[in-house]
Structure formats: C-alpha cells, structure tokens
Amino acid sequence: MTLVDLSDPNQEHIEPEAILRSLVTTKEAGVIIGKGGKNVADMRESTGVKAGVSKVVQGVHDRVLTISGTLVGVSAAYALIAKTLLDNPVTLPPPNTTTSTTTTTTTPSKEENNTCSIRLLISHNLMGTVIGRQGTKIKLIQDTCGVRMIASKTLLPQSTERVVEVKGTSESIHQAIIEICQCLLEDKDKSVGTILYNPTRASLIEPLTTLSSTSTLTTPLPPIISSASSPPSSRKRQQQHLRSGDNGNEPNTNTKTVAIPSDMIGCIIGKAGSKISEIRELSGSRISIAKIPHNESGDRMFTVQGTSKANECALYLLFSRMQTEKERRLRAATIASSVTIPTTTTVKNKV
C-alpha cells in the first residue's frame, strides 16, 4: 500500500479511507474531547481526520469513538489520543457485564505508567486477518511495534464485532494502528454486513436479562443447519442435541431478551413466519415477539426461552440472519448504483 505524504498539498491523495472504531469510557471520552471540544478539534486539524464520539447515555459507561481518514491520519490520531490519556489519567469504572473481558486494570503498576490501552472494535469476519494463521500476524505486530494485543474471543452483545485491546506507549500504538489498518484495508470486503456494536442498545436489555458469558457467545458458535442439505434423520438428531443443551445438568429454562431493529423484523420472521419457525425448530428455544415497538426507533423485543445452549443457538441464528440480510441489501444497492440509467425521451404518438 502506497502511503501519501499529507504535508505535500500538491500530491494527490490516493490512499483509501480507513475507518476505525474503539470503545472508550465516559471519562475517557471527556478527556479526548477536551474542554469546549478543544482536544478533538486540535486532533482533527493536525491529522486531517473526522472524529466523533457517541452520545452520553445515563447508566451506560462505554461510548464509541469513530475516527475516519487516511491510514496515516487515523494512526496519528490514535497516537494523540493515547498521549492525551497518558497525560490526563482517569480512574476507570468497575467492569460491567458487557465489556468485562476487555476493560483495563484500574490500578496500573509502575511499569505501566507510560502505557495506554486502546480497545478497538473489529468485525468478527476480519479477526482472522488481524490475528493471522496460527497467530502469526498478531505476534508480528506485537514484536515489531512493541505493543501487547489481546483479542477477545466473544462477540459483543447484539453485534458481530469483537474487541482487540492494544496496549503500549503512544508511539508503539501509532505503529500498531498503521499495521492493523493495513490489514483491515486489504480485506475490507470481508467487513460487509457487520452488525456494529451499540452500547446503548445492549444496555436496554440488561434489566431484562443479565448479559452473561452465555449471551455473548463464549462457546464455539454452532453451525447453521441447512434443512435442504441435511437428511431428516440427521436434522432430528441435531435438533435433539440442541434442545438438550448438551448438558444434562441444565434442566432449568433461561430467558434472554434482545432488541431487533424495525427494518430487520420482516427478514427474521419471513413469509408467513417461515424463518422464525425455522430458528425455533433448529434451536429448540421458544421465541416470542412483542407486538408493540420497544422505543421510538421501532425496535421490537424478542424473548428467547430455553436451555443455555438452545438460547445461544437461537441468538446466533437471529444475528446471522440479520447479517445475511445486510449483506444482501448492500449488494443490491451496489448493483443499483453501478447501473447507468439511459436518458429517455418522450415521443408523442401521432393520431
């Protein structure tokens, strides 16, 4: 990939745009933004990036920081953020149930005084690109850049994103972000259909269901069973396996509740309820759908009841269905935008 010298105004910017999201606490967001927005304004001016932080929501500790621009600009912006956080240390809140696997230690040791942690949000489909075969790529980035990287094994609630924590000095984070962005840009097509993590949406269902390790898919994801390719006897055995939860010690029924965007309701339910019926059959969970929208956005609450394994399978199938639909819509939009509509002229028929 050719890097562009941003300091030369006469040079054509041919570098593709990079977009990198990360999780920050509310206090960290305040430091990054600065008094009157000074810090983020200075960062935008010096790096040429676009930067924004999701709105503050009461009771939600995490916010999403989005930075877009050239690879050089995005990496420089994250280096400035790391330096700002190091110069203005904040006390992190107690880990919540949503991101407890990725939050940093609240009391750093002396050796960690000059290091900062950046929690990047990476599409599940791109994790293989960042990690590499047998971990070769992530090890190379750590060794060459002098950072420590921890890739979460779980999907964040109601999304297909995972967290990659990058820990190091501001300069080492700068170099690591360059390497990571290059990986993401090389395989950017794999990110199509990613369901982005939304801390606000995830927090809405926490009072109804404790988001434990089960709800964040900690165990290997079950395969999507195709009713067309599996013989009846095989499908029956697979369904019995899912219903049993593969654990005879879990006879109790658990309840999980998820909010589904209004524009995804139809694709999940399917014609005459065919898709939701298939998910119920394959997972073994009972799934009920609220008749009244949950909020102003029109989100509907889906209640899933069954064993832990059955519920996990049902949630996986629900989110997989949404991801497939997003990919289909994006392909359709791409095809539509690439088709040139010829100019038509109106011809009056002679009587």
Side-chain angles (χ1 to χ4, degrees), residues 1-56 62-88 90 114-123 126 129-130 141 144-147 149 161 163-192 194 196-198 330 337:
M1 178 180 297
T2 303
L3 301 182
V4 179
D5 183 5
L6 298 179
S7 62
D8 185 358
N10 298 320
Q11 189 171 3
E12 183 182 359
H13 291 185
I14 59 175
E15 186 181 354
E17 182 183 54
I19 301 175
L20 197 57
R21 290 161 27 99
S22 61
L23 281 180
V24 294
T25 65
T26 301
K27 290 184 178 181
E28 287 173 337
V31 171
I32 293 168
I33 295 171
K35 188 174 182 179
K38 183 181 183 303
N39 290 348
V40 73
D42 290 344
M43 179 182 67
R44 289 170 179 155
E45 183 177 355
S46 62
T47 62
V49 300
K50 295 178 181 178
V53 184
S54 59
K55 294 181 179 179
V56 178
D62 282 329
R63 297 168 68 181
V64 176
L65 168 67
T66 304
I67 297 180
S68 61
T70 63
L71 184 150
V72 173
V74 170
S75 58
Y78 270 103
L80 287 176
I81 288 170
K83 186 177 186 306
T84 301
L85 292 175
L86 285 170
D87 293 341
N88 303 272
V90 297
N114 295 323
T115 62
C116 174
S117 290
I118 302 293
R119 295 180 292 160
L120 301 178
L121 293 172
I122 306 294
S123 170
L126 286 168
T129 302
V130 175
I141 295 174
T144 57
C145 301
V147 296
M149 295 174 63
E161 287 189 307
V163 171
V164 174
E165 182 182 357
V166 183
K167 190 170 186 178
T169 63
S170 59
E171 180 55 33
S172 62
I173 287 175
H174 185 183
Q175 297 302 320
I177 295 295
I178 291 177
E179 297 293 334
I180 292 169
C181 282
Q182 284 178 333
C183 292
L184 300 180
L185 288 173
E186 287 169 3
D187 281 342
K188 62 180 180 180
D189 292 342
K190 291 183 179 180
S191 65
V192 174
T194 298
L196 302 180
Y197 175 59
N198 184 335
L330 186 60
S337 63

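Remember, predicted model here, so these are calculated numbers, not experimental data. Here, residue 1 is the first one in the sequence, and each next residue gets the next number.
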Result of checking D42, T47, V40 against R44 for side chain to side chain contact (heavy atoms under 4.5 Å, CB included) |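 When side chain to side chain contact (heavy atoms under 4.5 Å, CB included) is applied between R44 and each of D42, T47, V40, only V40 qualifies.
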Report yes or no: do Q175 and E179 form a side-chain donor-acceptor pair below 3.5 Å?
->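 Not at all, the side chains of Q175 and E179 share no donor-acceptor pair under 3.5 Å.
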Search all heavy atoms of [X] against all heavy atoms of [Y] and return the closest pair with its distance.
X: A29; Y: V53; value: CB-CG1, 3.9 Å
X: A18; Y: V74; value: O-CG2, 3.6 Å
X: V64; Y: L23; value: CG2-CD2, 4.1 Å
X: I67; Y: A51; value: CG1-CB, 4.1 Å
X: I173; Y: V147; value: N-CG1, 4.0 Å

From [X] atom [atom1] to [Y] atom [atom2], the distance as rounded to the nearest 0.5 Å:
X: T25; Y: R119; atom1: OG1; atom2: CZ; result: 7.0 Å
X: M149; Y: E165; atom1: CE; atom2: CD; result: 10.5 Å
X: I177; Y: S22; atom1: CD1; atom2: OG; result: 8.0 Å
X: L20; Y: L185; atom1: CG; atom2: CG; result: 9.5 Å

Walk me through it: do I178 and L71 pass the test side chain to side chain contact (heavy atoms under 4.5 Å, CB included)?
-> CA-CA 6 Å; I178 291 177; L71 184 150; 3.5 Å; yes
Output yes when a side-chain donor or acceptor of N114 lies under 3.5 Å from a complementary backbone atom of T169, and no otherwise.
->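 Between the backbone of T169 and the side chain of N114 there is no qualifying donor-acceptor contact (under 3.5 Å).
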Please confirm whether the backbone N or O of S123 pairs with a side-chain atom of S191, one donor and one acceptor, at under 3.5 Å?
->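 No: the side chain of S191 does not pair with the backbone of S123.
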Flag side-chain contact, heavy atom, 4.5 Å: [X] against [Y]:
X: L184; Y: T129; value: no
X: L120; Y: V130; value: no
X: I33; Y: N39; value: no
X: L65; Y: Y78; value: yes

Acceptor/donor pairs from residues 79-86 side chains to any protein atom, 3.5 angstrom cut, sequence neighbours excluded:
residue : atom : partner : partner atom : Å
K83     : NZ   : D87     : OD2          : 3.0
T84     : OG1  : L80     : O            : 2.8

With sequence neighbours left out, what residues match R63 under salt bridge (Lys or Arg N to Asp or Glu O under 4.0 Å)?
->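 Per chain and number, R63 pairs via salt bridge (Lys or Arg N to Asp or Glu O under 4.0 Å) with no residue.
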With sequence neighbours excluded, residues passing salt bridge (Lys or Arg N to Asp or Glu O under 4.0 Å) with K35 =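 Not a single residue meets the salt bridge (Lys or Arg N to Asp or Glu O under 4.0 Å) criterion with K35.
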